[in-house]
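Proteins come first, then strands; the chains are lettered A, B, ... in the order of their sequence lines, and each starts at number 1.
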Number of protein chains: 2
Amino acid sequence: MIEASSNLDIKSKLRRVGLRPTRQRMALAELLFETEDRHVTAEALYEEAERVSFRISLATIYNTLNQFTEAGLLREVAVEGSKAYFDTNTSNHHHFFCESDNSLMDIPDDTLEVIGIPEAPAGMSVTRVDVIVRLVDLPQEACARISKD
Amino acid sequence: MIEASSNLDIKSKLRRVGLRPTRQRMALAELLFETEDRHVTAEALYEEAERVSFRISLATIYNTLNQFTEAGLLREVAVEGSKAYFDTNTSNHHHFFCESDNSLMDIPDDTLEVIGIPEAPAGMSVTRVDVIVRLVDLPQEACARISKD
DNA sequence: TTACATGCAAACTGTTTGCAAATAT
DNA sequence: ATATTTGCAAACAGTTTGCATGTAA
């Protein structure tokens, strides 16, 4: 049982998108939305739940992340690599991806701009423009030292 | 045995990057580099080899694609999704990704520009900036009709 | 009390690896 | 002759799914 503070907010947040506020969805929502702008993988969220002694199966984590994404509470970030990343910031924005430790960071919305986006080829339309600025940590400096999540 | 035309070119191309020109590497190089700007997945290349009756194992395709990438003959494109995409155009450029049929297309180098790339966080440096313009085909229109590869 | 959600294990996809047999130099 | 490469099958990671059990309304 994680916190109790904002249970009602979370409950209605789930209800609003048509998801039953079950114990596990509540707990995951609390972990995800209590702080701003998180970037999680299924595995990472699973470990986080473990850390606060919340019992949940990995399958349910996957299902829940997908449901939250469909419901618009999360957005999936397209970094290649085998893992799926979920971002609690669903607005239009771009990302740093640190290749040294596979961490994602938001790029503040107003710094970066893409100009001259070509028209979509005939019969298609643009759904989104994703920019990933790939980073490596310089020798001697630990990428891990920078705030992640 | 695919073609015979430019065997010498391909052979020296492989030698130049320190790879022995084996039968299977030659065949794959021929498939990949005969035409410009290809985007392949391992599976797709495997099927292509089958189509021209070249016997090769999928494991070798994977190994070869990775070797070619390390050698700088290919570059991996970071479209999320489970599959790895390899691009024969190793220069700096961006991509359309058609979500309807999972195909990649190059965006001509000079159309698109990213401005205001923020500085890398302390201790890190930018290795690359990737832009993916995601597309869907409009109803009624087949994305597949557009030239792929 | 009925429809929906969960947990488990098994299935599945894309990819990598260990090792014996085949090939390049 | 020697080192490298190949192919196979097995291993592997991440993710999804089928189904019996548990839970929310």
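With rounding to whole Å, Tyr46(A) atom OH is found 10 Å from dG7(C) atom P. Computed from coordinates, the Ile61(B) CD1 to dT5(D) P distance equals 17 Å when rounded to whole Å. For the pair Glu76(B) CD and dT16(C) P, the interatomic distance rounds to 8 Å; values are reported in whole Å. Leu19(A) has its CG atom 15 Å from the C1' atom of dA25(D), to the nearest Å. Atom CG in Asn102(A) sits about 10 Å away from atom P in dG14(D), given to the nearest Å. In this structure, Arg20(B) places its CZ atom 6 Å from P of dT25(C), rounding to the nearest Å. Put simply, CZ on Arg23(B) is 10 Å from C1' on dA22(C), counting in whole angstrom units. Atom CG in Asn63(A) sits roughly 17 Å away from atom P in dG14(D) (whole-Å rounding).
Looking only at side-chain heavy atoms (C-beta outward), Phe54(B) and Glu48(B) stay at 4.5 Å or farther from each other. Glu99(B) has its side chain out of reach of Arg128(A): every pair of non-hydrogen atoms, C-beta onward, lies at least 4.5 Å apart. Thr69(B) places a side-chain heavy atom less than 4.5 Å from the side chain of Phe86(B). Side-chain contact check for Glu43(B) versus Leu58(B): some heavy-atom pair is nearer than 4.5 Å.
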- Query: When you look at Leu65(A) and Leu32(A), which way does the side-chain contact (heavy atoms from CB on, under 4.5 Å) test go after all the steps?
  - Reply: CA-CA 10 Å; Leu65(A) 286 173; Leu32(A) 288 169; 4.2 Å; yes
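Taking the side chain of Ser57(B) as heavy atoms from C-beta on, and the options dT6(C), dG7(D), dT6(D), the nearest nucleotide is dG7(D). You'll find that the side chain of Ile56(B) is closest to dG7(D), out of dA5(C), dG7(D), dT15(D).
Aromatic ring orientation, His39(B) versus His93(B): tilted (interplanar angle from 30° to 60°).
Rounded to 10 degrees, the angle separating the terminal axes of the helix from dT1(C)-dA25(D) to dT25(C)-dA1(D) is 30°, with each axis obtained from five end pairs.
If Glu43(B) and Arg25(A) are placed on DNA chain C by their nearest nucleotide, the residue sitting closer to the 5' end is Arg25(A).
Within the model, atoms CG of Asp101(A) and CE of Met124(B) stand 7.0 Å from one another, a figure rounded to the nearest 0.5 Å. The distance from atom OG1 of Thr111(B) to atom CD of Glu119(A), rounded to the nearest 0.5 Å, is 11.5 Å.
Thr41(A) has no side-chain polar atom (N or O) that falls below the 4.0 Å cut-off from OP1 or OP2 of dG14(D). One finds a side-chain N or O of Thr60(A) lying less than 4.0 angstrom from the OP1 or OP2 phosphate oxygen of dG7(C). The side chain of Gln67(A) places no N or O atom within less than 4.0 Å of a non-bridging phosphate oxygen (OP1 or OP2) of dA5(C). Contact annotation: Gln24(A) reaches the phosphate of dG7(C) (side-chain N/O to OP1 or OP2, under 4.0 Å). Contact annotation: Tyr62(B) side-chain N/O to dT16(C) OP1/OP2 distance is not under 4.0 Å. Here Arg15(B) reaches the OP1 or OP2 of dT25(C): one of its side-chain N or O atoms lies under 4.0 Å away.
DNA chain C lies under 4.0 Å from no heavy atom of any residue of residues 77-88 of chain A.
Just one of Val131(A), Asp106(A), Leu104(A), Ile107(A) meets the side chain to side chain contact (heavy atoms under 4.5 Å, CB included) condition when paired with Phe96(A); it is Ile107(A). Residue Leu45(A) is tested with Leu28(A), Ile56(A), Thr64(A) for a side chain to side chain contact (heavy atoms under 4.5 Å, CB included); the sole match is Leu28(A).
Contacts of Asn66(A) with the nucleic acid, taken as non-hydrogen atoms under 4.0 Å apart, involve only primed sugar atoms and P, OP1 or OP2.
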